[in-house]
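When reading the values below, keep in mind they use all heavy atoms of this one structure, side chains included, and skip hydrogens, waters and symmetry mates. Note on naming: letters A, B, ... go to the chains in the order of the sequence lines (proteins, then strands), and numbering restarts at 1 for each one. Remember, predicted model here, so these are calculated numbers, not experimental data.
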Amino acid sequence: MSVTMNTPTSGNRLLWISLMVFGMVGLSLNAFARKDGMAHGYVEVKEVERVQVTVVQSAGAGAASADAELKWVAPTDPKIASGEYTRVAGVAPRAWTVESLVPAKEAAMMMTARDAGDLTVERVEPSAINTFGIWIAAFLTLGIFSFLYRDNPWYKVAESVLIGVSAAYWMINAFWSTLVPNLFGALAPTLVRAVASPDLPVSSSPNSDFWLAVVPLILGFMLLWRLAPKGGWISIWPIAFIIGTTAGLKLVSGIEADLMAQAVATMQPLVVLNPADSATATASSFSFSAISFWGSIGSVVSVVGVLSVLTYFFFSLEHKGAVGKTARVGVWFLMITFGSAFGLTVMGRITLLAQRFEFLFTDWLNIG
Amino acid sequence: MLKRTIPILILATSGAILVVAYFSPFTTNWSEVVLMWFNILAAVAYVLGAGNLLAVNLEKVSSRRAGWAYALITLVAFASMLTFGLFKIGGVPSEAHPDVPYAGDYESTQSAFGWVYEYMLSPLTATMFALLAFYVASAAFRAFRAKNLESILLLGTAFIILLAQTAAGMFLTGWIPADSVFAFLRFDSLRIAITEYIQTAGMRAITIGIAIGIAATSLRLILGVDRSYLSKQ
Amino acid sequence: MTNTSHSNHSSNATQSSGIRGFLAGLSSLDRRWIFLGVALAVGIPILLKLSLPEVPGPMARATFNAIEKIPSGSRVLLAFDYDPASQGELQPMANALVHHCASRGHNIVFMALWPLGKQLADKTIKDVLKEFHPEYVEGTNYVQLGFKTGNEGVIKLMTTAITEQYPNDASGAALTDIPLMSGVNKLSEFKLIGTISAGYPGAKEWVQYADGASPEAFTLVAGSTGVQVSQLLPYYPKQLEGLLVAVKGAAEYEMLVTEKYPVARHQGRLEEGRRRMGPQLVAHLLVIGLIVLGNVAMIAARGAKGGAR
């Protein structure tokens, strides 16, 4: 693509500016002049209450042990009434609310149903913080789209936010999902249970678990050494470990799933029979009507395709004569492959755009 | 020794353990240990990535290089999100253990972390990729030129797939009876013929080629023939 | 996305006049007009709620049948290996897949190889599982394992030691205390594994590491983005028994699922894929038009310069 760097000419610019002004006016009208307005966040509200209980030991289990099992359950738990659980005296109940998002259209339906006396429908409330969120999301979405006109500060702000937020998101998720249970859980199980993960299973061999977790801890610190200005070689140890593991994983599975399985999938009967005839086919019962014409063509095409493309990839032979001709057929196969892949890519990208427009139209503008 | 021999040994051992475990169930325990370490190190890699981002942007801000204000925005976004997540700010307590401080959920929209995910991270990543729709269309206009047989094959296939994937395919060729001799001309039949036979064959050859390449590289690494990673300091 | 150059055709106006000159000038058209065209081609059908018929193809049917044929109450694993960037294509598949599994009475174990996949699994549990199948109890009928770092390392470790990889589920309950996971320590204990996959790590890795380890133990199906699907075609139908191709596959599968298992309310949650086929049609026609126009402009420009190269 040889496009020259150019600012829009005045005529062009006028057109673009009028388009944008048109959009702004429409937006304001939509926001303030319409009865429903735009961008409504709603949440479904659920109240949760928990009380601490002890599990009453059955008579056969011996005298109440010192570390009787403590639990938090709903105050309405039937086991409290039946006496299986007893409330722990002196521990205050805990109560909080759980809110979850509801799309505006469904919220309206749910609120009408509840107002009409249907208490099976959950309580839905308008939520200012989520309404504000929809505006923020729209602001950032349009900021990214503004890049299509030209690079500009609005886009850059949105991009900077994305970089910062996603790096932190990944790191936090790695921390809570893997480092805490799988690493710290082995190094300091008591602490992890007290602070973050009370139900962390008790290991049968805590000592060996501890020492087995020390290794990745050390390797982890060595990997983080990359951030230090000196001692670059230190991080080579964990990197060697990562490369070695990856190589070990890929060596076997690559050969199995991508080489052998693919070779087997290619070596199929070239003459494909109709499903009804395939069970009874013998040499004596040969008939052309039993053969699936397009199935057989497909099989032949597949084999020719795989072999010719492989020939094209075979660079240690000069692509001349028969080899050259086969390789050329391989190129045709590749072109069709890429053409199809292009079609599928267009399809994918358009869908992602459609999803963003749905957000803008439905959630933000409230016109969808 | 520290800089060469030990890394080569680490690589060979970890790789060999995984390969051997495939063939011998007796060493599965070893491979499990190696994999657990590997997965933990992957988590550390996320921390490393965040650390790198921090270093680059801090440097940009402190030396007032061009665009340092944007680097500052990145840093603020990063630091806020980190605080929200580490301390589970606004998070919902765990129903089973409301008394344990960090046992609760931090990913619902009620918590600051989940809110930022819902209204900032999610729309931003989605829109970034949605932008590509525009560039694909622009590339279709500028780069797809029918110059020779190869490019005509590519274009023709793209046309068929683009039409066949939507109702246009049914509209244009749906009138051809599905059981007639000409049924193969229906766009839906052509689409299946292209993807299941030709594209599959092309991709199968590519997959085989890549598999051979990866297997050879892996073997060279494990056997210590390829040592290029040692210079990545 | 660093190429910010734009052009307009007045800067290199051709000397020739008439239609040929106009067409030749097109080749230097400001691409923002193309962008506007794409926006309209996608936006207008959405506003008009353009809806089109779909005919399920063999790959969508294969996916549907794979979930139908395992006995009701089977333990299935659904891996959410994507992020919001691909939810336009993949969320419809996730919704239909979860509704299908629950309608068949399968017990569902959720997990994610992508950091943001867990959020999308949570969303699917809330929007589909709890909405259409309120009888599903966490721990007995479904479990959310959540995300783990390690990519294919996670899959490989799960082939022999799930409880080592996941000592707890995402809510913190010990896996050994969860009825649905009791005694389950290997991927081969699942009847079916479904991956909704946007790239690496995803469906390819599930084929290589899970299916490779025990090819006979379970059925593997995948929902894939349009971009990634080329890589997966060689695995279908031997290694991947079902494959949903982009939003078209989602729409077809949605149709098969809702035809057999209709829902009483909030049907829109299971129509996302079909809804997005309207803009798809118009945008595809636009792309075809653009390719044709680009070639016409090339030919016209050649003529305007007075002969081909």
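If you measure heavy-atom distances from C/P237 to chain B, you find no contacts under 4.5 Å at all. Only the side chain of C/K204 comes within less than 4.5 Å of a heavy atom of chain B; its backbone N, CA, C and O stay farther away. For chain B, the nearby parts of C/A39 are the backbone and the side chain; heavy atoms of each come within less than 4.5 Å. Within the 4.5 angstrom heavy-atom criterion, no atom of B/I210 approaches chain C. Neither the backbone nor the side chain of B/L124 comes within less than 4.5 Å of any heavy atom of chain C. With a 4.5 Å cut-off on non-hydrogen atoms, B/E196 touches chain C through its side chain but not through its backbone. Using a 4.5 Å cut-off between heavy atoms, C/E252 contacts chain B through its side chain alone, with no backbone atom that close. Using a 4.5 Å cut-off between heavy atoms, B/A164 touches chain C through its backbone atoms (N, CA, C, O) alone.
With B/F144 as the partner, the side-chain contact (heavy atoms from CB on, under 4.5 Å) test is satisfied by one option alone out of C/V287, C/I291, C/V292: C/I291. Between C/L285 and the choices B/L163, B/L162, B/T166, the side-chain contact (heavy atoms from CB on, under 4.5 Å) rule is met once, by B/L163.
Taking chain C as the reference chain and counting heavy-atom pairs below 4.5 Å, the highest number among B/F171, B/F159, B/Y117 is found for B/Y117. Interface remark: of the candidates C/N151, C/L157, C/L52, C/L157 forms the most heavy-atom pairs closer than 4.5 Å to chain B. Contact count against chain C (heavy-atom pairs under 4.5 Å) is highest for B/S122 among B/S122, B/A158, B/A96, B/S31.
Separation of atoms CE (C/M298) and NZ (B/K147) is listed at 7.0 Å; rounding is to 0.5 Å. To the nearest 0.5 angstrom, B/E107 atom CD is 14.5 Å from C/K123 atom NZ.
Between the side chain of B/T200 and the backbone N or O of C/P234 there is no donor-acceptor pair closer than 3.5 Å.
Around CH2 of C/W33, the count of heavy atoms belonging to other residues, nucleotides or ligands within 6.0 Å exceeds 12.
The shortest distance between side-chain heavy atoms of B/L155 and C/N295 falls below 4.5 Å.
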